[in-house]
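Every number for a ligand or one of its atoms is a count from 1 in the order of the listing. Keep in mind that the numbers below use all heavy atoms, side chains included, and drop hydrogens, waters and symmetry copies.
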Amino acid sequence: MNSELVIDVRGLSKRFGSLVAVDGVSLKVRKGEVFGFLGPNGSGKTTTIRMICGLLVPNAGAGQVLGQDVLSGSSGIKRRVGYMTQHFSLYNDLTVEENLRFVARMYSMTAANQQASRVIEELGLQDRRRQLAGTLSGGWKQRLALGACTMHRVQIGLPQ
Ligand SMILES: Nc1ncnc2c1ncn2[C@@H]1O[C@H](COP(=O)(O)OP(=O)(O)OP(=O)(O)O)[C@@H](O)[C@H]1O
Ligand SMILES: [Mg+2]
């Protein structure tokens, strides 16, 4: 087994005002490993993942994700991580294809339109290409969101 650590964080903590949402979480994840993260509602899973992704600055703790420092390397982390948010965060009033083209441009991908077409093929979204995202069923929205958050060939995928 490849022993390279892709996530190595220690003592991550996050407060929102007086609420301690995450209190000293440490974890190590190796390359190729599927790491499950379970806990009751409101126990701080999403907050922890947002810190690991570089989307939220911890109040305490340290560590590296893909070799980048979680405190100072957030832009490098975001470029290499696919984060599928808990709530649908694409545009309801854009079509499937328009959303994917937009995301490709956000990642400054070359040949953005072709990249969007590739994801549409890979995820079987061909028949819904021109459908407004807001009118998709829940499962198809999830599939679109998965395509959008992995289209930049991510090295770590983080659901919710
Ligand atoms: N931006 C925020 N501002 C204030 N409080 C927040 C914020 N985000 C999360 N919280 C609070 O932090 C705590 C942890 O929330 P979090 O969303 O991380 O939990 P979770 O484990 O992902 O829950 P769930 O299983 O319901 O998704 C909760 O008490 C929540 O209300
Ligand atoms: Mg959550």
Side-chain angles (χ1 to χ4, degrees), residues 4-96 98-100 102-108 116 119 122-125 128 131-160:
E4 181 189 338
L5 288 176
V6 291
I7 299 176
D8 183 10
V9 293
R10 299 167 294 280
L12 287 185
S13 299
K14 185 67 188 176
R15 288 189 310 274
F16 295 110
S18 59
L19 176 88
V20 179
V22 176
D23 189 11
V25 167
S26 302
L27 57 93
K28 294 180 193 291
V29 182
R30 295 177 193 285
K31 186 175 179 180
E33 190 174 5
V34 176
F35 187 93
F37 201 44
L38 305 178
N41 296 135
S43 58
K45 303 178 297 293
T46 295
T47 304
T48 300
I49 288 170
R50 294 182 70 211
M51 289 192 281
I52 289 171
C53 285
L55 293 171
L56 203 58
V57 179
N59 294 112
Q64 289 82 38
V65 174
L66 292 166
Q68 307 276 321
D69 189 280
V70 280
L71 296 177
S72 61
S74 70
S75 61
I77 294 171
K78 283 183 223 165
R79 270 197 291 275
R80 298 164 71 198
V81 162
Y83 171 46
M84 187 160 156
T85 55
Q86 189 158 1
H87 300 289
F88 186 69
S89 51
L90 295 171
Y91 292 98
N92 285 323
D93 52 356
L94 294 183
T95 66
V96 165
E98 287 166 343
N99 267 296
L100 291 171
F102 176 74
V103 172
R105 289 194 177 88
M106 292 272 284
Y107 282 114
S108 306
V119 172
E122 284 176 2
L123 292 181
L125 286 160
R128 291 166 179 79
Q131 188 172 338
L132 290 179
T135 68
L136 293 171
S137 69
W140 284 109
K141 276 187 184 167
Q142 296 268 62
R143 202 183 280 222
L144 171 60
L146 178 65
C149 78
T150 55
M151 74 187 307
H152 57 301
R153 308 271 192 210
V154 298
Q155 288 168 277
I156 298 181
L158 293 163
Q160 304 195 346

For ligand 1, which atoms, with element, lie under 4.0 Å from some heavy atom of [X]?
X     : result
Ala21 : 12 (O), 13 (C)
Thr47 : 9 (C), 14 (C), 15 (O), 16 (P), 18 (O)
Gln86 : 27 (O)

Can you tell me if Thr46 has an N, O or S atom under 2.8 Å away from the Mg ion (ligand 2)? yes
N/O/S atom of Thr47 inside 2.8 Å of the Mg ion (ligand 2), strictly under: no
So, Asn59 side chain and Arg15 main chain: donor-acceptor pair closer than 3.5 Å or not? yes
Determine yes or no for a side-chain-to-main-chain donor-acceptor pair under 3.5 angstrom, with Lys28 supplying the side chain and Arg10 the backbone. no
Ignoring hydrogens, just give me the one of Lys45, Arg15, His87 whose non-hydrogen atom is nearest atom 21 (O) of ligand 1. Lys45
Does ligand 1 come near enough to Gly42 that some N or O of the ligand is less than 3.5 Å from an N or O of the residue? yes
Side chain to side chain, [X] and [Y], heavy atoms closer than 4.5 Å:
X      : Y      : result
Val96  : Trp140 : no
Leu90  : Val103 : yes
Arg50  : Lys14  : no
Gln131 : Leu136 : yes

Side chain or backbone of Thr48 under 4.0 Å from ligand 1, or both, or neither, by non-hydrogen atoms? neither
Is ligand 1 less than 4.0 angstrom away from at least one heavy atom of Gly39? no
Decide side chain to side chain contact (heavy atoms under 4.5 Å, CB included) for Asp23 and Ser13; before the verdict, give the C-alpha distance in whole Å, the side-chain angles of both, and the deciding distance to 0.1 Å. CA-CA 5 Å; Asp23 189 11; Ser13 299; 4.2 Å; yes
